[in-house]
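I have placed the structure first, in the form of C-alpha cells, so that the comments after it can refer back to it.
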Amino acid sequence: MSENKTDETTAQQYDNYPDPDAIIHFGDVSEALVELVEETLETSEDLSTSRDPLTETTLLVEEVDNE
C-alpha cells in the first residue's frame, strides 16, 4: 500500500510542471552522474533537458522541433 501512496504523491508533484516527453528520476546518486546524463542528452539536436527542484534530482526531457 505504501508504494501506491508514494506513486500517487510523486504523480501529484509532476502535475505542477509542464508536460515533458520523458521524466528521468534519479534516486540517491552523485551529482556527477546526473550532470553526465544531462550533458549527454543535451548533445542531441532533438532533445532538450531541464532540471526542476523536486524532492530528488529529476530531469525533464522534451523533444525539440528543428524544422
Side-chain angles (χ1 to χ4, degrees):
M1 167 116 171
S2 66
E3 183 177 325
N4 289 343
K5 179 84 169 159
T6 301
D7 291 344
E8 182 178 310
T9 302
T10 302
Q12 288 171 349
Q13 287 176 330
Y14 294 126
D15 286 344
N16 299 326
Y17 291 89
D19 187 24
D21 294 313
I23 299 172
I24 302 173
H25 180 75
F26 296 89
D28 186 22
V29 299
S30 70
E31 179 65 21
L33 176 62
V34 176
E35 289 176 4
L36 175 64
V37 172
E38 183 176 23
E39 289 173 13
T40 302
L41 291 171
E42 283 289 336
T43 61
S44 169
E45 293 179 7
D46 298 323
L47 298 175
S48 173
T49 63
S50 61
R51 292 174 74 169
D52 286 303
L54 297 175
T55 12
E56 296 184 37
T57 305
T58 303
L59 289 178
L60 304 178
V61 182
E62 295 188 43
E63 186 176 9
V64 176
D65 187 13
N66 287 326
E67 291 182 22

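Note that the structure is a prediction, hence the values are computed from the model and not measured.
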Checklist line | Verdict with reasoning, T58 to I24, per side-chain contact (heavy atoms from CB on, under 4.5 Å) | finding: CA-CA 6 Å; T58 303; I24 302 173; over 6 Å; no

* Given the rule in the side-chain contact (heavy atoms from CB on, under 4.5 Å) test, do L59 and I23 qualify, once you have shown the distances and angles that lead to the verdict? -> CA-CA 6 Å; L59 289 178; I23 299 172; over 6 Å; no

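For S44 (side chain) and L41 (main-chain N/O), no donor-acceptor pair under 3.5 Å exists by modelled atom type. Remark: side-chain polar atoms of E42 are paired, donor with acceptor, to backbone N or O of T49 under 3.5 angstrom.
Criterion: ILVMFWY side-chain heavy atoms under 4.5 Å apart, direct or through other members. Under it, V29 and L36 are not part of a common hydrophobic cluster.
By the 4.5 Å heavy-atom criterion applied to side chains, V61 and P20 are not counted as neighbours.
Open room surrounds CD on E63; 12 or fewer heavy atoms of other groups in view lie less than 6.0 Å from it.
Shortest non-hydrogen contact noted between V64 and E45 is CB-O, 4.1 Å.
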